[in-house]
Amino acid sequence: MSENESTKPAGKGRPTPSRKTQEKANLRPLVGGSSPEERRAAKNAMKAERLKARAGMMAGDEKYLTARDRGPQKRFIRDFIDSKFSLGELVMPAMIMVILLSAIESYVVQLATLLTMWVLFIAVGINAWLIGRKAKRMLSAKYGESKLDSGIMMYATMRSIQMRALRMPKPQVKRGTKISA
């Protein structure tokens with residue numbers, strides 16, 4: 001035997017802790033150990049961050065937009081749609097009128113409102129399709145057919161159907177603004 005092996009201590013130099021002691025040392029609270037003031041401050045900070053993100057999204061800030069609304073092509077589509085009037089904006093007010101007129105117990109009035117709504121729905125569908133096609137054509141002229149994002153026509157169609165006041169992100173251009181490719 002060498003001198004190093006004989007002076008080496010046996011074991012780890014301390015007793016093994018009991019299971020009870022180890023479990024007590026590893027015990028952590030399930031909910032969180034923060035005080036009510038810390039939780040309140042964290043809650044207020046989260047609320048401020050959400051409000052900032054919402055304001056950014058409403059303003060059209062690219063950083064806060066959803067993936068569906070990001071990119072220069074989508075911005076162009078939004079500006080193009082928002083610069084025009086579309087029949088889709090009339091659907092909600094027309095539905096309110098239909099609800100009010102359906103209270104009248106006249107067969108003629110109810111039939112007329114029903115037919116008017118069907119005509120409006122068909123006109124809205126055709127109008128939205130035409131707007132989507134025109135938006136896609138303008139984007140093709142600007143970016144090239146091969147570089148278009150997928151779903152551009154559907155994005156334009158869906159935005160044109162929404163009421164202007166309820167669109168998200170909010171319209172950045174006034175009605176009648178000339179948008180060119």
Side-chain angles (χ1 to χ4, degrees), residues 1-83 86 88-96 98-99 121 124-125 128-129 131-132 135-136 139 142-175 179:
M1 257 200 233
S2 71
E3 200 171 301
N4 273 347
E5 289 178 14
S6 62
T7 59
K8 189 174 174 183
K12 61 183 171 251
R14 60 180 168 80
T16 302
S18 67
R19 180 184 199 131
K20 185 177 179 181
T21 310
Q22 274 302 99
E23 286 178 350
K24 193 172 186 179
N26 290 333
L27 193 62
R28 303 278 184 271
L30 292 175
V31 178
S34 58
S35 68
E37 294 81 26
E38 289 173 337
R39 284 194 303 268
R40 207 172 297 120
K43 188 177 178 181
N44 288 337
M46 288 291 290
K47 183 177 180 181
E49 185 63 32
R50 278 193 309 270
L51 289 173
K52 181 180 172 188
R54 180 169 171 76
M57 188 173 94
M58 295 293 236
D61 185 1
E62 198 76 18
K63 177 181 173 186
Y64 296 108
L65 292 177
T66 59
R68 177 193 69 181
D69 297 319
R70 280 194 194 121
Q73 292 182 18
K74 301 289 176 80
R75 177 171 294 283
F76 178 83
I77 292 287
R78 284 195 305 272
D79 291 345
F80 175 73
I81 298 299
D82 294 340
S83 69
S86 69
E89 297 178 48
L90 297 176
V91 171
M92 196 66 92
M95 293 301 286
I96 292 170
V98 165
I99 290 170
F121 285 151
V124 164
W129 181 71
I131 287 174
K136 187 174 180 180
L139 267 181
K142 186 173 184 173
Y143 293 103
E145 184 74 34
S146 62
K147 294 182 181 165
L148 289 183
D149 292 343
S150 62
I152 286 291
M153 193 167 160
M154 184 58 110
Y155 183 76
T157 300
M158 294 308 293
R159 187 153 179 104
S160 73
I161 291 173
Q162 297 170 341
M163 287 179 64
R164 185 177 171 89
L166 301 178
R167 292 176 183 164
M168 291 279 265
K170 293 288 182 195
Q172 304 296 311
V173 297
K174 293 188 184 286
R175 255 196 199 121
I179 305 293

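Sequential numbering from 1 along the given sequence is applied to the chain's residues.
Tyr143 has its side chain out of reach of Asp149: every pair of non-hydrogen atoms, C-beta onward, lies at least 4.5 Å apart. Between Arg54 and Glu49 there is no side-chain heavy-atom pair separated by less than 4.5 Å.
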For this session: Kindly determine whether Val124 and Ile161 satisfy side-chain contact (heavy atoms from CB on, under 4.5 Å), including the steps that lead there.
Result: CA-CA 7 Å; Val124 164; Ile161 291 173; 4.3 Å; yes
For this session: Apply the test side-chain contact (heavy atoms from CB on, under 4.5 Å) to residues Asp79 and Gln172: give CA-CA distance (whole Å), side-chain angles for both, the deciding distance (0.1 Å), then the verdict.
Result: CA-CA 7 Å; Asp79 291 345; Gln172 304 296 311; 4.0 Å; yes
Exercise. What's the verdict on side-chain contact (heavy atoms from CB on, under 4.5 Å) for Leu139 and Phe76, showing C-alpha distance, side-chain angles and the deciding distance?
Worked result: CA-CA 8 Å; Leu139 267 181; Phe76 178 83; 3.5 Å; yes
For this session: Any chance you could lay out the side-chain contact (heavy atoms from CB on, under 4.5 Å) test for Tyr155 and Ile81, step after step, and finish with the verdict?
Result: CA-CA 10 Å; Tyr155 183 76; Ile81 298 299; over 6 Å; no
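Here Ile77 contributes atom CD1 and Met153 contributes atom CE; the two are 10.5 Å apart, rounded to the nearest 0.5 Å. Rounding to the nearest 0.5 Å gives a distance of 11.5 Å between CD of Gln162 and OG1 of Thr157.
Under a 3.5 Å cut-off, the side chain of Arg78 and the backbone N or O of Asp69 do form a donor-acceptor pair. Between the side chain of Ser86 and the backbone N or O of Ser160, at least one donor-acceptor pair lies under 3.5 Å. At distances below 3.5 Å, not a single donor-acceptor pair connects side-chain atoms of Thr21 with backbone N or O atoms of Pro17. Using modelled atom types, no side-chain atom of Glu23 and backbone atom of Lys20 make a donor-acceptor pair closer than 3.5 Å.
Partners of Lys24 under the side chain to side chain donor-acceptor pair (under 3.5 Å) rule, at least two apart in sequence or in another chain, do not exist in this structure. Every residue two or more places apart in sequence or in another chain that forms a side chain to side chain contact (heavy atoms under 4.5 Å, CB included) with Met95 is listed here: Val91, Met117, Phe121.
When Arg164, Arg159, Arg167 are each tested for a salt bridge (Lys or Arg N to Asp or Glu O under 4.0 Å) with Glu89, only one passes: Arg167.
Taking a 6.0 Å sphere around NZ of Lys136, one finds it holds 12 or fewer heavy atoms contributed by other residues, nucleotides or ligands. For CZ of Arg19, the number of neighbouring non-hydrogen atoms (other residues, nucleotides, ligands) closer than 6.0 Å is 12 at most. At most 12 non-hydrogen atoms from other residues, nucleotides or ligands lie less than 6.0 angstrom from CE of Met92. With a 6.0 Å radius and a threshold of 12 heavy atoms from other residues, nucleotides or ligands, Arg70 has its CZ atom above the threshold. Heavy-atom contacts from other residues, nucleotides or ligands closer than 6.0 Å to NZ of Lys170 number more than 12.
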Extract all donor-acceptor atom pairs below 3.5 Å that involve side chains of residues 55-64 and protein atoms in other chains or at least two apart in sequence.
| residue | atom | partner | partner atom | Å |
| --- | --- | --- | --- | --- |
| Asp61 | OD1 | Lys63 | N | 3.4 |
| Glu62 | OE2 | Gly71 | N | 2.4 |

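Here the closest heavy-atom approach between residue Val173 and residue Ser83 is recorded as CG2-N, 3.9 Å.
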